[in-house]
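Shown next, in structure tokens, is the structure this report addresses.
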Amino acid sequence: MKLYDIVIIGGGPAGLAAAIEARNEGCEKVLILERDKELGGILNQCIHNGFGLHTFKEELTGTEYADRFIKRVLELKLEYKINTMVIDINAEKQITAMNKTDGMFTLQAKAVILAMGCRERPRGALNIPGYRPAGIFSAGTAQRLLNVEGIMPGKEAVILGSGDIGLIMARRMTLEGAKVKAVAEIMPYSGGLKRNIVQCLNDYDIPLKLSHTIIDIEGKDRIQGVTLARVDQNLKPIPGTEYHLTCDTLLLSVGLVPENELSAGMGVHLNPVTNGPMVNELLETNLEGIFACGNVLHVHDLVDYVSEEAKIAGRNAARYVRKTDTPKDGTRTEIRLIPSYGVRYTVPQTIQPERMEEELTVRFRVGNVYLNKCVTVYFDDRKVHSRKKKVMAPGEMEEIKLVKRELMKEPSLKEITIKIEDK
Ligand SMILES: Cc1cc2nc3c(=O)[nH]c(=O)nc-3n(C[C@H](O)[C@H](O)[C@H](O)COP(=O)(O)OP(=O)(O)OC[C@H]3O[C@@H](n4cnc5c(N)ncnc54)[C@H](O)[C@@H]3O)c2cc1C
């Protein structure tokens with residue numbers, strides 16, 4: 001069995017950034033395994049701009065952003081295998097994968113980085129009556145058809161769900177000559193970034209129907225139309241508010257789910273809110289030497305944060321392999337991070353201050369739209385920090401910074417709670 005220092009599952013932006021950083025940190029035998037026919041992950045189908053503003057201080061397309069990392073991987077002569085699907089990993093860090101040339105094979109790694117990204121949630125169409133005619137696509141599938149295969153999914157579209165991919169596809173379909181009649185969102189707020197609502201819907205006069213859902217799909221062979229209705233506070237359609245739109249295409253953009261079948265199979269503990277692994281300050285899971293980063297850990301809004309996080313996982317995996325990491329302090333229990341009052345989750349979920357870097361970014365999402373509220377931080381029952389924010393919305397990731405020297409002054413600290421409060 002071939003032995004590697006670090007095997008990275010997934011060659012998207014997370015896997016690429018993790019591999020580069022692991023090499024920078026001195027790891028020689030690093031391998032990336034990617035099931036697709038090229039490196040770059042989901043970015044290969046993102047030909048719109050808006051990527052890399054934080055990382056490169058310029059606006060790149062998704063493909064350009066990926067290209068910069070791929071070039072670096074090639075310069076560093078990092079080993080990778082494409083068209084290679086990982087089908088199993090066990091807690092002993094043995095990885096079983098298959099491809100057309102090698103067949104099925106097993107590798108032994110000293111550390112593993114999970115970077116498998118996420119997939120689109122399909123359930124949006126499942127609870128709508130009507131046949132399942134042709135013309136219903138997930139927004140990401142439509143994006144791939146249009147941007148990679150050069151196939152136009154349809155001419156008259158309705159989009160269900162206002163996640164970022166749906167918003168981007170509303171603009172993309174319009175630019176290619178389709179008529180996008182509406183984006184229907186069941187919640188009273190959009191699931192996407194504000195900038196995407198402005199640049200992809202408002203600029204093209206595409207109506208965003210908040211608190212609306214589709215209650216009927218018409219058509220047997222090809223979709224011919226949908227019936228929309230307003231929903232009440234319990235998300236139930238309100239009788240009398242129904243109206244009909246003709247369309248030949250329905251795109252579903254109802255959320256993303258981290259790809260964690262491999263993680264769960266090997267015994268990694270998952271967070272029920274993110275569906276991603278529970279991790280500590282090193283982005284290490286409950287299994288020693290198994291790290292996670294990118295959309296497999298939690299769904300990100302911006303790829304820049306994916307790259308930033310992946311560097312942390314790559315660096316810590318390399319330190320683990322090279323035994324240059326700070327050993328766990330057995331005398332101190334880990335501090336738990338508790339999301340509360342409007343905060344849905346945090347990443348990481350635990351920290352040991354001795355092992356963290358000078359500053360640690362804790363990312364989280366809120367569960368509602370909040371205007372002029374504060375993000376507050378409590379050390380056990382003591383409020384230590386409060387920062388006012390004009391707007392917070394579920395579609396945008398939030399963050400706080402924790403400083404090592406401040407935490408080191410608190411040897412008995414057990415919990416750090418993050419809340420949304422008035423002041
Ligand atoms: C449609 C769309 C539009 C977006 N627009 C923007 C934007 O405008 N600006 C922005 O900053 N961000 C945007 N993002 C977000 C950004 O692209 C993602 O955050 C980023 O791609 C996540 O990187 P990742 O490496 O975690 O996942 P991915 O890019 O999904 O890569 C994961 C890789 O793992 C591989 N993999 C999975 N399972 C296995 C397995 N078992 N074996 C081998 N390989 C496997 C997959 O094939 C894939 O290549 C967009 C995302 C999408 C989906």
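Numbering of residues begins at 1 and proceeds along the displayed sequence. Note that ligands are numbered from 1 as they come in the structure, with each ligand's atoms numbered from 1 the same way.
Under 4.0 angstrom from ligand 1, the non-hydrogen atoms of A115 all belong to its backbone. The proximity of L33 to ligand 1, defined as any non-hydrogen pair under 4.0 Å, is limited to the backbone. Neither the backbone nor the side chain of Q45 has any atom closer than 4.0 Å to an atom of ligand 1 (non-hydrogen atoms only). With a 4.0 Å cut-off on non-hydrogen atoms, P13 touches ligand 1 through its backbone as well as its side chain. Using a 4.0 Å cut-off between heavy atoms, I168 contacts ligand 1 through its side chain alone, with no backbone atom that close.
Taking each of I89, V303, L43, L114 in turn, the one with a heavy atom nearest to atom 17 (O) of ligand 1 proves to be L43.
By the 4.0 Å N-to-carboxylate-O rule, E259 lies close enough to R35 to be salt-bridged with it. The pair E354-K404 fails the salt-bridge criterion, with no side-chain N (NZ, NE, NH1 or NH2) lying under 4.0 Å from an Asp/Glu carboxylate O. For the pair K179 and E156, the salt-bridge criterion is not met [side-chain N within less than 4.0 Å of a carboxylate O].
At the shortest separation from atom 33 (C) of ligand 1 among protein heavy atoms lies E34 OE1, 3.5 Å.
Among residues at least two apart or in separate chains, side chain to side chain donor-acceptor pair (under 3.5 Å) pairs with a member in residues 337-348 are H298-Y345.
Considering T350, N280, I351 as possible partners of I335, the one that fulfils the side chain to side chain contact (heavy atoms under 4.5 Å, CB included) test is I351.
For the pair V86 and ligand 1, the shortest N or O to N or O distance falls below 3.5 Å. For ligand 1, the polar-atom distance check against E259 finds no nitrogen or oxygen pair separated by under 3.5 Å.
The salt bridge (Lys or Arg N to Asp or Glu O under 4.0 Å) check on E92 picks up nothing, with sequence neighbours excluded.
Within the cation-pi definition used here (under 6.0 Å to the ring centroid, within 45° of the axis), K81 qualifies as a partner of F105.
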